[in-house]
Structures are given as structure tokens and as C-alpha cells.
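For reference, the structure is listed below as C-alpha cells.
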Amino acid sequence: MSEIIVEKILVGKPKTIDETNSNNPMNREWTSGIFKEETKNPIWLGKTNLTGDGQADLKHHGGPEKAVFVYPIQHYIHWKEELKINNMNIGAMGENFAINGQLEEEACIGDNYKIGEAVVQISQPRQPCWKPARRFQIRDLALLLQNSGRTGWYFRVLKEGYVKEGQPLILLERPYPQWTIAKCNEVMHMKKEDLKTSKELASCEYLAINWKRTLNARVEKGEELDVNRRVYGPNI
């Protein structure tokens, strides 16, 4: 396993931008915490977020299960080539930890890592919403993110402490090597008819509760969430 480095740590409070009464939904006023700035000094990582970080939609973002959003920097090479957007640089997805050395195929639910003074644990993949689409004026960007598998993932915080960019993520424990982030995305989004695997994933001890609920509703009631509200939101 190659060394995993947190190349950049980024934080930011929610901002409101664009026009109040635009006729174009993609240009209407919106509020988001997606706009992050790099911090080079040691920063406190608490149970729900990094000091100075915040989210606009606390129903769907932030909290103990989503304390840190992690995104591999290698993905930006692909997005720039595929979307022809030169300014889609590190931090564009609203990540807190921009990492080098690990992808979705190599990160697993329940992984425990030490970084600086803190200990973190992978809780779930990110389920992309409409806000990156609004930021880059690409209406179906959330679906592109989701279907590509380049979603990134979230950490919950097991031990609070100071962290700093440039530090390694040191793997302490991997209880569920079978449940990579890539596999979880596949089960949730691509193989919805495979109820056996959905049930198995839902039983994973360290999977975030909201993922467990969605998967259990699929298995027990045949229910599927309408993703349009998440991926398109007010952009249509």
C-alpha cells in the first residue's frame, strides 16, 4: 500500500452568491459551503468538523458521520480532460482533505487512520449533490460524479486533535476490506436489483446510518430514493 498524504486541508463557511431573481435556475442565488480555502497552519479536528469549516445544508451535510470530506487529487486530471474546465482545481469539490495515494478502489468502510493527533474512520462514500453542478454550470455533473465512481468519501472522527497538511494518513485497522468505497457506490447506484449484496452492505457495522436506512428500505420495502432532488435540486 502506497503512502497516503493529505496534500491540502481546506475549510470555509457558507457563502451566498449569484442573482436573486434570475430567470435561469443555474444563475439564481444559492448558499453553499463548497467554497473552501487552504489552511497551512495546524488546525483542530473536532467530532463534527474542522475549525473554521461549515455547511449550509445541515440536513444533508456535516455532522459526526460527515465530519471530513476526502477527495483524491488524481481525479482532477480526469475531470479537466473530460469536462474541458481548466479552473477545476484542488478544492473544487468542496473537500476538506485533498489526498494523494489512495482512490475509491483502495479505501474501505471502517478503515481507521491516524493523522497528526487525530484518529479518523471511513463512514460512507459521498453522494454528490447539485451544488458542484451549479458551481461549474454543468447541470448533470452530480450524475457524472456518481456514475464515474470518483465520489470521494467521508471520515467520522474517533479521536479529536490537531492536524496539518502534508501529514500522512496511517492505516491502523481495516475491519472490512471487502467494502471498498468503489464497491459501496456500485451497490448503491449501479446494482440496485442485487438485494442480497445490499443487505450484506447494510449489515456492515461501520457504515453510516443514513446508508443503512436507504439500503434496508430497498431490501425490506422495495423502496428507492428519488435521486433527482439530490442531483438536480433547484438547477432545473
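Computed from heavy atoms alone, side chains included, the values below leave out hydrogens, waters and symmetry copies.
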Residue pair [X] / [Y], side-chain donor-acceptor N/O under 3.5 Å:
X	Y	answer
Lys199	Asn216	no
Asn27	Glu19	no
Gln124	Arg156	no
Arg134	Asn235	yes

Short question: side chain of Lys131, backbone of Gly94 - any donor-acceptor pair under 3.5 Å?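 Checked: no pair found.
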
Exam field: side chain Ser22 to backbone Asp18, donor-acceptor pair closer than 3.5 Å: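 No, because the side chain of Ser22 does not come within donor-acceptor range (under 3.5 Å) of the backbone of Asp18.
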
Can you tell if the side chain of [X] reaches within under 4.5 Å of the side chain of [Y], non-hydrogen atoms only?
X	Y	value
Pro25	Pro234	no
Pro175	Tyr206	yes
Ile5	Leu169	no
Lys183	Gln178	no
Asn112	Arg174	no
Glu173	Asp111	no
Leu207	Leu215	yes
Val163	Leu50	yes

[atom1] ([X]) with more than 12 external heavy atoms under 6.0 Å:
X	atom1	answer
Glu37	CD	no
Asn21	CG	no
Asn87	CG	yes
Asn24	CG	yes
Lys159	NZ	no

### Message
Among Arg150, Glu104, Glu95, exactly one meets side chain to side chain donor-acceptor pair (under 3.5 Å) together with His75. Which residue is that?
### Response
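The passing option is Glu104.
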
For Phe69 against Met93, the heavy-atom pair lying closest together: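 Shortest heavy-atom contact: CE2-O, 3.4 Å.
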
Item to complete: Quick one: closest heavy-atom pair of Pro132 and Cys129, and the distance?
Response: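 Looks like CD-O, 3.2 Å.
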
ILVMFWY cluster, Trp153 and Val187 together (side-chain gap under 4.5 Å):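 Yes.
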
When you group the ILVMFWY residues by side-chain heavy-atom contacts below 4.5 Å and let the links chain together, are Val119 and Leu171 in the same group?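 Cluster IDs for Leu171 and Val119 differ.
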
**Study point:** Residues forming a salt bridge (Lys or Arg N to Asp or Glu O under 4.0 Å) with Lys40, sequence neighbours excluded
**Key:**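 Expected list: Glu38, Glu165.
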
- Query: Taking atom CG of Leu201 and atom CD1 of Ile109, what is their separation to the nearest 0.5 Å?
  - Reply: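 Interatomic distance, Leu201 CG to Ile109 CD1, rounded to 0.5 Å: 7.0 Å.
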
query: How long is the gap from CG on Asn210 to CD on Gln127, to the nearest 0.5 Å?
result: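 CD of Gln127 is found 7.0 Å from CG of Asn210.
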
### Task
Quick one: list whatever passes ring-ring contact (aromatic ring centres under 6.0 Å, His included) with Tyr162, sequence neighbours left out.
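Listed in chain order: Trp44.
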
Evaluate the ring pair (Phe, Tyr, Trp, His ring centres under 6.0 Å) criterion for residues Trp30 and Phe35: first the C-alpha distance (whole Å), next the side-chain angles of each, then the deciding distance (0.1 Å), finally the verdict. CA-CA 12 Å; Trp30 61 298; Phe35 306 100; 5.6 Å; yes

As a quick check of understanding, evaluate side chain to side chain donor-acceptor pair (under 3.5 Å) for Gln74 and Asn100, giving each step before the final call.
CA-CA 7 Å; Gln74 289 88 342; Asn100 189 12; 2.5 Å; yes

Could you label the plane-to-plane angle of the Phe155 and Phe97 rings as parallel, tilted or perpendicular, counting under 30° as parallel and over 60° as perpendicular?
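Aromatic pair Phe155/Phe97 classed perpendicular.
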
Checklist entry - Testing Lys36, Lys13, Lys66 for salt bridge (Lys or Arg N to Asp or Glu O under 4.0 Å) with Asp53, which one passes? => result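 One option only clears the test, and that one is Lys36.
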
- Applying side chain to side chain donor-acceptor pair (under 3.5 Å), run through Gln146 and Arg230 and close with a yes or a no. CA-CA 11 Å; Gln146 176 180 293; Arg230 170 172 59 84; 2.7 Å; yes

Query - Side-chain ion pair, Arg218 and Glu223, N-O less than 4.0 Å - result: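 A salt bridge is absent here (no side-chain N lies under 4.0 Å from a carboxylate O).
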
